[in-house]
Amino acid sequence: MQINLTGHHIDVTEALKGYVDNKFERLARHFDHVINAHVILSVEKLAQKAEATLHVNGGKLFADSVHEDMYAAIDTLIDKLDRQILRHKEKKANHRPVAATGAKSGESE
């Protein structure tokens with residue numbers, strides 16, 4: 001998974017980059033069809049905001065989170081994306097039973 005990390009009004013340090021990469025590994029364990037992710041970290045007065053757009057097979061997933069602490073905002077962002085990925089994975093799953101091969105019981109030849 002390719003992660004594009006940008007910062008608005010904030011310097012993206014190696015610690016923040018490593019933290020985001022570490023947290024996104026959790027998403028890759030649940031769903032390995034994530035093509036790329038675009039993460040934006042921004043600061044607006046006292047609010048730390050983290051938002052992300054994931055491009056997955058079959059669509060896009062978006063989530064954002066606002067908190068006083070950037071690390072807490074990233075944590076809640078990952079939790080939201082995790083729930084969305086699991087819901088997307090459930091929608092894409094084939095729920096139809098596999099048809100049995102051969103003649104059905106009760107059929108005459």
Side-chain angles (χ1 to χ4, degrees):
M1 167 184 1
Q2 179 183 353
I3 300 173
N4 297 327
L5 183 63
T6 59
H8 291 191
H9 306 292
I10 187 172
D11 292 329
V12 179
T13 62
E14 287 298 320
L16 274 175
K17 183 170 174 28
Y19 192 76
V20 169
D21 289 341
N22 187 21
K23 290 295 181 174
F24 268 85
E25 287 177 7
R26 180 175 125 194
L27 297 180
R29 282 184 292 183
H30 288 278
F31 190 65
D32 57 347
H33 298 293
V34 176
I35 299 168
N36 66 6
H38 184 73
V39 182
I40 300 171
L41 306 177
S42 61
V43 176
E44 298 172 3
K45 295 191 180 182
L46 297 177
Q48 312 284 327
K49 184 176 182 181
E51 58 186 52
T53 303
L54 296 180
H55 297 273
V56 296
N57 286 346
K60 289 183 186 179
L61 303 176
F62 175 80
D64 63 345
S65 174
V66 178
H67 203 273
E68 296 172 356
D69 181 32
M70 183 59 77
Y71 291 98
I74 293 169
D75 287 340
T76 55
L77 172 74
I78 295 297
D79 290 340
K80 289 179 181 181
L81 286 173
D82 193 30
R83 286 192 302 269
Q84 287 184 18
I85 283 178
L86 291 176
R87 193 175 330 130
H88 177 77
K89 186 177 176 181
E90 182 67 25
K91 282 183 180 180
K92 292 295 180 184
N94 188 3
H95 296 289
R96 294 184 181 188
V98 178
T101 57
K104 295 180 184 176
S105 61
E107 281 187 1
S108 61
E109 294 182 15

Between [X] and [Y], which heavy-atom pair has the shortest distance, and what is it?
X	Y	value
Ala72	His67	CB-ND1, 3.4 Å
Leu81	Phe62	CD2-C, 4.5 Å
Lys49	Glu44	CD-OE2, 4.3 Å

Value rounded to 0.5 Å, distance of [atom1] in [X] from [atom2] in [Y]:
X	Y	atom1	atom2	result
Thr76	Tyr71	OG1	OH	14.5 Å
Leu61	Thr53	CG	OG1	9.0 Å
Leu16	Met70	CG	CE	6.5 Å
Asp64	Ile40	CG	CD1	10.5 Å
Asn4	His38	CG	NE2	6.5 Å

[X], [Y]: one ILVMFWY side-chain cluster at the under-4.5 Å cut-off?
X	Y	result
Tyr19	Leu5	yes
Ile3	Val56	yes
Ile35	Leu54	no
Ile78	Leu86	no
Leu77	Val43	yes

Determine, for Asp79 against Arg26, whether the closest basic-nitrogen to carboxylate-oxygen distance falls under 4.0 angstrom.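 Result for this pair is yes, salt bridge flagged.
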
Salt bridge between Lys17 and Asp21, side-chain N to carboxylate O under 4.0 Å?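 A salt bridge links Lys17 with Asp21.
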
For a side chain to side chain contact (heavy atoms under 4.5 Å, CB included) check, start with the C-alpha distance between Asp75 and Lys23, then their side-chain angles and the critical distance, and finish with the verdict. CA-CA 8 Å; Asp75 287 340; Lys23 290 295 181 174; 3.2 Å; yes

Check the surroundings of atom CG in Asp69: do more than 12 heavy atoms from other residues, nucleotides or ligands lie under 6.0 Å from it?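 It does: Asp69 CG has more than 12 such atoms within range.
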
State, with a plain yes or no, whether a side-chain heavy atom of Val39 is found less than 4.5 Å away from one of Ile74.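 The answer is no, as the side chains (C-beta and beyond) never meet within the 4.5 Å cut-off.
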
Measure the shortest side-chain to side-chain distance between Val20 and Val12 over non-hydrogen atoms and say whether it is less than 4.5 angstrom.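 No, too far: nothing below the 4.5 Å cut-off.
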
Only one of Lys92, Glu90, Gln84 clears side chain to side chain contact (heavy atoms under 4.5 Å, CB included) with His88; which?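 Looking at Lys92, Glu90, Gln84, the match for His88 under the side chain to side chain contact (heavy atoms under 4.5 Å, CB included) is Lys92.
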
